[in-house]
Amino acid sequence: VQLQAFGGGLVQTGGSLRLSCAASGRTFSNYNMGWFRQAPGKEREFVAAISWSGGSAYYTDSVKGRFTISRGGAKNTVYLQMNSLKPEDTAVYYCAADAPTGSRLQRDYYYWGQGTLVTVSS
């Protein structure tokens, strides 16, 4: 059972990136999923979450209006579209699965993928 996040990279301030999180080994179409990030020297924090149906999405205040979480691939893939990126968005981004709907707590998520690095240059 694996979650794999990819799509990170280097982008200038104001640019966009789309992160993807693909599941293998089992289907995650019935699981709520989320994205977290960890900036250098900081604790990992919640970014966004989406319900298993894709009908509900939740965001931390600092990314509202800029980031969009969505599901695709028969709901077994989760995306994080990041627009208007800022240097403070620089972090390693992690996807996670299997938590109560809308949970912002890391301890609630059972499955975790490896991170993908997003660097926003000023």
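Only heavy atoms go into these numbers, but all of them, side chains included; no hydrogens, no water, no symmetry mates.
In this structure, the side chains of Glu45 and Gln106 stay at 4.5 Å or more apart for every pair of heavy atoms. Side-chain contact between Thr13 and Pro87 is present, with at least one heavy-atom pair separated by less than 4.5 Å. Two residues are said to be in side-chain contact when any heavy atoms from C-beta on lie closer than 4.5 Å; Leu19 and Trp35 meet this criterion. The shortest side-chain heavy-atom distance between Gln114 and Gln2 does not fall under the 4.5 Å cut-off. Looking at Thr90 and Val118, their side chains never come closer than 4.5 Å, going by heavy atoms from C-beta outward. Within the 4.5 Å cutoff, no side-chain heavy atoms of Arg18 are placed close to those of Leu80.
Criterion: ILVMFWY side-chain heavy atoms under 4.5 Å apart, direct or through other members. Under it, Met33 and Met82 are part of a common hydrophobic cluster. Tracing side-chain contacts under 4.5 Å through hydrophobic residues (I, L, V, M, F, W, Y), one reaches Val47 starting from Val11; they form part of the same cluster. Under a hydrophobic-cluster definition in which Ile, Leu, Val, Met, Phe, Trp and Tyr are linked whenever side-chain heavy atoms come within less than 4.5 Å, directly or via other members, Val120 and Leu10 are assigned to different clusters. Tyr59 and Tyr79 are not part of a single hydrophobic cluster, where members link through side-chain heavy atoms under 4.5 Å apart.
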Q: Tell me, with the steps shown, if Leu3 and Phe28 meet side chain to side chain contact (heavy atoms under 4.5 Å, CB included).
A: CA-CA 9 Å; Leu3 292 173; Phe28 283 84; 3.9 Å; yes

Q: May I have the step-by-step check of side-chain hydrogen bond (donor to acceptor under 3.5 Å, both in side chains) for Ser29 and Asn76, ending in yes or no?
A: CA-CA 5 Å; Ser29 59; Asn76 216 36; 5.2 Å; no

Q: With side chain to side chain contact (heavy atoms under 4.5 Å, CB included) as the test, would you mind laying out the steps for Val78 and Ile69 before giving the verdict?
A: CA-CA 7 Å; Val78 175; Ile69 188 171; 3.8 Å; yes

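Under the 30°/60° scheme for interplanar angles, the aromatic rings of Phe36 and Trp112 are found to be tilted. Ring geometry, Tyr93 versus Phe67: the interplanar angle falls from 30° to 60°, so the pair is classed tilted.
Here OG1 of Thr116 is found 9.5 Å from CD of Gln4. Values are rounded to the nearest 0.5 Å. Residue Ser56 holds its OG atom at 9.0 Å from CG of Asn32, rounded to the nearest 0.5 Å.
A cation-pi arrangement is present between Arg44 and Tyr94 under the rule of less than 6.0 angstrom and at most 45 degrees off the ring axis.
With ring centers used as reference points, Tyr58 lies 6.0 Å or more from Phe46.
Judged by distance alone, the side chains of Asn83 and Ser16 do bring a donor and an acceptor atom under 3.5 Å apart.
A salt bridge links Asp61 with Lys64; the closest basic N to acidic carboxylate O contact falls under 4.0 Å.
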